[in-house]
4 protein chains.
Amino acid sequence: MIEERNIEHQHGRDYYHEPPPAPLLDTAELKRWSFYRATIAEFIGTLLFLFLAVSTVVNYKEPNYTDKCSRIGYLGIALAYGGVFSVLVHCTSGISGGHLNPAVTFGMLLTRRMSLIRAAAYMVAQCLGALFGVFFVICFTNSDEQQSSEGVVNVVTRNYTNGAGLVAEFIGTFVLVYTVFSSTDPKRNARHSHVPVLSPLPIGLAVFVVHLATIPITGTGINPARSLGTNLIYRSTTEAMDDLWIFWVGPFLGALAAAVYHKYILRAGAVKALRSFRASGSSGSQLPV
Amino acid sequence: MIEERNIEHQHGRDYYHEPPPAPLLDTAELKRWSFYRATIAEFIGTLLFLFLAVSTVVNYKEPNYTDKCSRIGYLGIALAYGGVFSVLVHCTSGISGGHLNPAVTFGMLLTRRMSLIRAAAYMVAQCLGALFGVFFVICFTNSDEQQSSEGVVNVVTRNYTNGAGLVAEFIGTFVLVYTVFSSTDPKRNARHSHVPVLSPLPIGLAVFVVHLATIPITGTGINPARSLGTNLIYRSTTEAMDDLWIFWVGPFLGALAAAVYHKYILRAGAVKALRSFRASGSSGSQLPV
Amino acid sequence: MIEERNIEHQHGRDYYHEPPPAPLLDTAELKRWSFYRATIAEFIGTLLFLFLAVSTVVNYKEPNYTDKCSRIGYLGIALAYGGVFSVLVHCTSGISGGHLNPAVTFGMLLTRRMSLIRAAAYMVAQCLGALFGVFFVICFTNSDEQQSSEGVVNVVTRNYTNGAGLVAEFIGTFVLVYTVFSSTDPKRNARHSHVPVLSPLPIGLAVFVVHLATIPITGTGINPARSLGTNLIYRSTTEAMDDLWIFWVGPFLGALAAAVYHKYILRAGAVKALRSFRASGSSGSQLPV
Amino acid sequence: MIEERNIEHQHGRDYYHEPPPAPLLDTAELKRWSFYRATIAEFIGTLLFLFLAVSTVVNYKEPNYTDKCSRIGYLGIALAYGGVFSVLVHCTSGISGGHLNPAVTFGMLLTRRMSLIRAAAYMVAQCLGALFGVFFVICFTNSDEQQSSEGVVNVVTRNYTNGAGLVAEFIGTFVLVYTVFSSTDPKRNARHSHVPVLSPLPIGLAVFVVHLATIPITGTGINPARSLGTNLIYRSTTEAMDDLWIFWVGPFLGALAAAVYHKYILRAGAVKALRSFRASGSSGSQLPV
């Protein structure tokens with residue numbers, strides 16, 4: 001809730017420090033350890049995310065578990081997904097940028113913040129991590145009820161159409177990727193140099209609230225790697241595979257929309273205004289953006 | 001919990017960096033893209049706020065939903081409203097100041113932090129955003145129970161009088177706008193330059209606690225756009241329209257009181273003391289404020 | 001979790017910026033508007049704290065309230081007290097230091113961070129604010145069940161002795177005041193200049209966890225003004241007045257213990273070591289503290 | 001979610017400010033008050049952690065407690081452990097580094113951030129603090145149900161094998177220590193100088209989410225001192241002592257794995273790349289790490 005006009009003027013000089021767009025193909029990157037390190041961090045991060053979050057859901061389905069009142073409910077599940085994601089974004093943000101989600105990586109690629117090679121490597125690492133994470137949970141669970149896919153697999157629930165599920169995934173991912181963009185906006189970084197450290201909190205909160213809103217509709221994916229991991233490992237129902245496309249198309253469209261909104265409405269407007277400002281020949285350190 | 005006296009002395013020189021009051025009519029603003037960008041951000045932000053928060057309430061009313069123990073309860077609903085608001089304030093604060101609430105905009109206008117034109121544009125954007133957000137939820141819901149207005153629409157509940165509802169809305173909005181002022185206080189900004197980034201958290205927490213306290217009284221509005229959106233779209237009961245004035249008058253009076261308290265008690269005192277300080281002819285860098 | 005040894009060495013030069021102890025009687029203070037402003041902020045802050053927190057408890061006791069599953073439970077009550085306190089500390093910390101609790105003010109007085117006059121004014125303002133806050137809740141409530149003092153008034157529950165209640169209040173307040181000292185430690189401020197802004201969060205979290213631990217024992221006071229407000233206004237049981245001393249003696253002893261621990265163990269040790277360091281005649285910029 | 005490549009380049013010059021490894025045996029340390037002060041802080045911190053967290057569990061087992069719906073459930077217990085740990089890390093981080101957990105101390109020792117002497121002193125203080133903390137809870141509890149060890153003691157539950165319990169403790173502690181390393185990474189500190197202050201939040205969140213995931217498996221230890229305290233004081237079942245080794249071996253292995261992952265994958269890679277960079281004879285201020 002900052003008075004945007006004043007702050008922008010004060011920090012006018014910081015305005016141009018935007019990094020150049022990352023090259024699409026940057027083969028030099030392949031020679032750097034930081035590339036492999038980041039890919040490993042995405043793999044381990046997504047593995048831990050799925051392991052902890054799915055464990056939480058599965059453990060509370062234990063049939064021997066007599067005291068039903070102690071169950072954590074949907075609120076607890078939403079807190080688990082949001083909380084685990086926040087912790088792991090915190091852990092990996094200094095190494096890989098802390099995506100842990102192909103939709104986030106796709107958004108970063110679209111806005112040219114990372115090369116195509118790196119984006120592809122991240123997505124493969126995330127999907128493998130998710131598969132291994134869910135697989136380890138399966139190794140743990142022993143009762144039939146725990147092994148049922150209910151509450152773990154992403155499917156559109158009976159009461160909703162596929163279209164509704166797609167829209168829910170689209171909007172949920174839009175909110176998540178919009179939050180990520182708002183945290184990593186280089187213009188914002190220039191102003192408040194410590195934003196990255198604070199990002200894990202709003203990002204985790206975004207995951208939490210999207211889960212609260214959409215668990216009853218789709219079980220909440222908003223992360224293609226997460227849906228791939230759960231639906232491929234828990235193949236108990238045919239719907240798990242039939243609906244999987246929704247959890248890839250929805251999130252990628254949501255990330256695309258967030259990238260377009262961020263780049264063409266929120267940021268490109270600045271460029272347009274800048275052009276008209278230059279054309280009008282005015283000078284001085286204050287920008288009329 | 002800072003030792004206010006010492007810090008004020010240390011930072012005495014930062015004391016005057018307060019921005020000048022915004023002009024009431026600033027037509028130059030209409031030529032800047034940042035004006036339209038901010039208005040769009042308020043529209044999209046309020047739309048997403050209503051869509052996610054109302055979806056959360058509506059989805060947990062699903063009748064086919066057998067496991068009642070898993071319901072999120074009032075605690076979950078309060079967390080949804082507070083959490084969604086916090087995330088979207090985070091997303092929009094760098095673009096529009098992150099109001100998403102006509103009462104907040106009104107408070108900012110009263111303390112001359114924005115022009116009348118911008119305030120009017122924000123309020124229209126917020127109301128339209130709220131209407132579209134609730135409308136999209138309606139398009140999703142299919143069962144009768146989900147479409148009932150219970151828990152969504154802001155009405156004074158049977159056990160309370162209209163006066164009690166008005167007071168609840170007044171105090172709730174006072175707390176919210178007081179929190180916003182405390183986060184954006186330019187004096188505070190001078191001391192801790194990174195406050196704006198941290199604002200979304202206390203602001204979301206304020207929304208959360210006000211919901212906890214007043215959901216049983218009015219369903220908690222404290223945001224005229226939110227009440228307009230839900231009560232106009234869900235016109236199932238006559239009360240929804242009859243009580244709507246409470247959710248406009250209460251919040252605007254609360255914002256007015258917060259602005260008066262902030263400007264005349266907390267801040268104008270500084271001015272008075274400053275005057276007496278100058279009159280007493282003392283000098284040096286330490287201010288006796 | 002910082003590597004304390006290194007950081008202390010790096011910041012050795014910041015070590016002495018500790019403010020001088022506040023005078024016990026500072027009559028000049030009475031001529032400053034900031035004194036009255038701070039006292040008003042403590043009054044309004046404590047009033048809002050009690051109003052919102054007690055409203056939350058009272059509203060969920062409504063007998064017409066059919067859906068018992070939606071009740072917020074003890075978790076919600078603890079979140080309400082912690083959350084409301086955190087929001088109001090955030091709002092008032094820039095004006096009065098954000099105490100809102102006579103035990104905190106007592107701790108600050110003991111460590112000479114404020115004058116006796118200011119401490120007395122704060123405590124009177126806090127007690128009056130608490131009384132008015134609870135009184136306004138009473139004006140709202142209409143059903144008999146709501147007006148019962150259960151869950152609002154601080155009394156030692158049947159299963160515990162007065163001694164146990166006193167210890168619970170002692171330890172709870174110790175943790176709260178210890179958290180406040182850790183946030184306002186001038187040595188820490190020197191290192192991380194933005195600590196004050198972050199204080200409301202750990203302080204609110206401390207209030208939350210102490211409530212979780214001690215609600216079943218005493219209803220959790222850890223704030224003499226809060227206990228005075230509820231027990232004086234809700235005089236329904238004789239225990240409410242009989243037990244009140246526990247909620248004054250316990251918190252003040254807890255604040256005293258926290259002040260002693262902070263001053264003589266955590267901080268005076270530094271002074272002792274400093275003396276031995278000087279005696280040993282070593283020189284250089286690194287302090288062996 | 002920072003664009004790691006750019007930030008690393010910008011801050012290239014800060015890269016080498018890594019503190020030298022702490023000596024294994026630093027007898028000079030024994031002459032400094034800061035050593036004893038830190039050990040006392042670890043003792044008091046761990047005592048308060050166990051007292052508050054175990055009190056929370058125990059109090060909600062009260063048989064006279066009629067309103068079962070008000071119980072805080074597993075969600076509340078996880079919030080208690082995470083919240084109390086976060087508050088006490090906040091309180092002690094400026095004095096001792098805020099470990100409060102032998103596994104964290106072990107991780108810090110392995111990465112040479114503290115001497116062997118200090119690590120041993122911390123671990124003894126933590127175990128003694130945990131024993132006293134649980135002992136004080138025992139003094140408080142009076143009913144038979146409260147004194148039962150259920151939900152307090154760390155044992156592998158009937159449905160899981162010892163191997164599963166060991167893996168759960170291993171992964172849980174890995175996540176906690178990984179979070180601590182990510183918060184205290186000196187490279188990260190160089191970039192964002194205020195990280196330490198923010199650490200308590202992600203660290204508490206990590207403890208919370210690990211509890212959500214593993215309470216049904218082992219009751220969640222991830223802290224050898226905590227398990228020692230509860231299992232030694234509550235010796236009601238033979239399992240409490242039989243299973244204790246799992247809660248020492250699992251966490252220490254988890255901390256070892258986190259230290260190896262941090263040092264050899266995430267950080268040593270940097271060294272390797274640096275070597276190849278020097279060998280290739282390139283120059284300039286940009287590091288290809």
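Below, read A as the first sequence line, B as the second, and so on, with proteins coming before strands; counting in each chain starts at 1.
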* Structure fact -> Most contact-rich option vs chain C, by heavy-atom pairs under 4.5 angstrom, among B:Thr157, B:Val167, B:Leu205, is B:Leu205

* Structure fact -> Interface check, chain B: of C:Leu79, C:Thr141, C:Ile77, C:Val57, most non-hydrogen pairs under 4.5 Å belong to C:Leu79

* **C:Tyr36 atom OH: more than 12 heavy-atom contacts under 6.0 Å** => yes

* Structure fact -> With sequence neighbours left out, the residues meeting side-chain hydrogen bond (donor to acceptor under 3.5 Å, both in side chains) with B:Thr230 are B:Arg226

* Asked: How about B:Phe208 and C:Val84: do any of their side-chain heavy atoms sit closer than 4.5 Å?
  -> no

* Asked: Do other residues, nucleotides or ligands put more than 12 heavy atoms under 6.0 Å from C:Tyr234 OH?
  -> yes

* Measuring heavy-atom distances to chain B, does C:Ile40 have an atom under 4.5 Å in its side chain, in its backbone, in both, or in neither? -> both

* **Side-chain donor/acceptor of C:Asn59 to backbone N/O of B:Pro216, under 3.5 Å** => no

* **Leading residue by heavy atom contact count with chain B [cutoff under 4.5 Å; candidates C:Gly204, C:Ala28, C:Cys139, C:Gly83]** => C:Gly83

* Asked: When rounded to the nearest 0.5 angstrom, what is the spacing between CD1 in C:Ile95 and NE2 in B:His262?
  -> 7.5 Å

* Asked: Going through the checks in order, is the side-chain contact (heavy atoms from CB on, under 4.5 Å) test met by B:Tyr178 and C:Thr92?
  -> CA-CA 10 Å; B:Tyr178 183 19; C:Thr92 54; 3.4 Å; yes

* Heavy-atom distance under 4.5 Å to chain C: side chain of B:Ala168, backbone, both or neither? -> both

* To do: May I ask you to test the B:Ile171-C:Phe136 pair for a side-chain heavy-atom distance under 4.5 Å?
  => no

* Which atom of C:Gly76 lies closest to which atom of B:Leu212, heavy atoms considered -> O-CD1, 3.7 Å

* Please tell me if the side chains of B:Ile217 and C:Phe140 come closer than 4.5 Å, counting only heavy atoms from C-beta onward. => yes

* Closest non-hydrogen atom pair between C:His90 and B:Pro202, with its separation -> CE1-CG, 3.5 Å

* To do: List for me each residue that meets side-chain hydrogen bond (donor to acceptor under 3.5 Å, both in side chains) alongside B:Thr56, sequence neighbours excluded, and say none if there are none.
  => none

* Asked: Between the side chain of C:Trp33 and the main-chain N/O of B:Leu266, is any donor-acceptor distance below 3.5 Å?
  -> no

